[in-house]
Amino acid sequence: MKIQERELRRDRLDGRWVIFAPERGRRPYEFHPADRVAPSSVGACPFCPGHEGRTPPEIFALRAGHSRADGPGWRVRVVPNKFGALGAGRTFRRRTSGLIEFGAGTGVHEVIIDTPEHRREWPDLPITQVRDVLAVWRSRLAALETDAAVRFIQLFKNKGREAGASLSHAHTQVIGMPVVPADVARETARAGQERRKTGACPYCRWIASEKALGKRLVAFDSHFIAFAPFASRFPYETRLFPTRHSAAFSGTRDEELASLAKIIRTVLAALRRVACDPPYNIVLRQASVAVRKGDARSAHWSLEILPILTHIAGFELGTGMYINHVFPEQAAEDLRK
Ligand SMILES: [Zn+2]
Ligand SMILES: [Zn+2]
């Protein structure tokens, strides 16, 4: 059977885009359905050193001076996703017909391999290694922002089978796409309204009020703040903001990277302690490329650290609402201990 080309589609009443990527069905899947914990088979892992030939050729790597591209010797390695949700080679032209809208599934899907070590997770990595990964996040985000076909970039990390990871070796993914997600566009519009009302970035105000209040704080230093949001959707959900007004992760300064590495590790280590090493997602939240390059006064990037301790089920799917059994004030207190 012929595999169909990727396509982006949406029903205009609903407004949400869906990516159709039939090739994703052919991904290798390392986890046995019955396993709670990922089996660690270095032998089969395409992300381990020595197996560079099992991924497409690298786009970028931090590696020892004498080592060669697509060979061992790297600390962080970036490759195209072999089974990308979106792919290059075609031009996105949005077409509308009545209530439907669609276009070719064009874009970029990259994998950042966080460490050469198969079994190490972020809380176990040296701060310098986490900082290196964050520096690579920054440089890939900056590179994709210069691609005229990319209107929105989503960076995320899935740790554990329940968080959507198909391979256990620590990695991050970046998807650059030709459309802006409906939820992001809505939040941008609301943030703009708030700024016009008060004259200030609403996120900067939010950060100041959480810092003053204190009871939902998880960790902070001179550059970053992590707190449990007032309306957390998930138990032990944490939101992490730069305290300086900053629209894009790509604008993070060198001296801020080590601080960010430390605070992320602090939150992950606390989660490991409080919630028995749960699977989790780390999600970058930022506005579209155009908004950040245009009027960035109400765009302020952040990261969400979302442990998977509950299921998204019928209620959430039907309503877009969530049921959380841990108040954020309690979550913050537990995570601070
Ligand atoms: Zn591996
Ligand atoms: Zn701000």
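What you are looking at is a predicted structure, and each value in this text was computed from that prediction instead of being measured. Both ligands and their constituent atoms are indexed starting at 1 by order of listing.
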Does H51 reach the side chain of P46, with side-chain heavy atoms less than 4.5 Å apart? no
Backbone or side-chain N/O/S of H51 under 2.8 Å of the Zn ion (ligand 1): no
Does the side chain of T115 come under 3.5 Å of the side chain of Q129 through a donor N or O and an acceptor N or O? no
Take the Zn ion (ligand 2) as the vertex and measure to ND1 of H245 and ND1 of H300; round to 10°. 110°
What N, O or S atom of H169 is found closest to the Zn ion (ligand 1)? ND1
Just to the nearest 10 degrees, tell me the angle at the Zn ion (ligand 1) spanned by C45 SG and C48 SG. 120°
Could you tell me how the ring of W137 sits relative to the ring of W122: parallel (under 30°), tilted (30 to 60°) or perpendicular (over 60°)? tilted
Should R6 and H109 count as side-chain neighbours, where that means a heavy-atom distance under 4.5 Å? no
By the definition ring-ring contact (aromatic ring centres under 6.0 Å, His included), identify the one residue from W206, F224, W301 that meets it with F241. W206
State the atom name: nearest N, O or S atom of H118 to the Zn ion (ligand 1). ND1
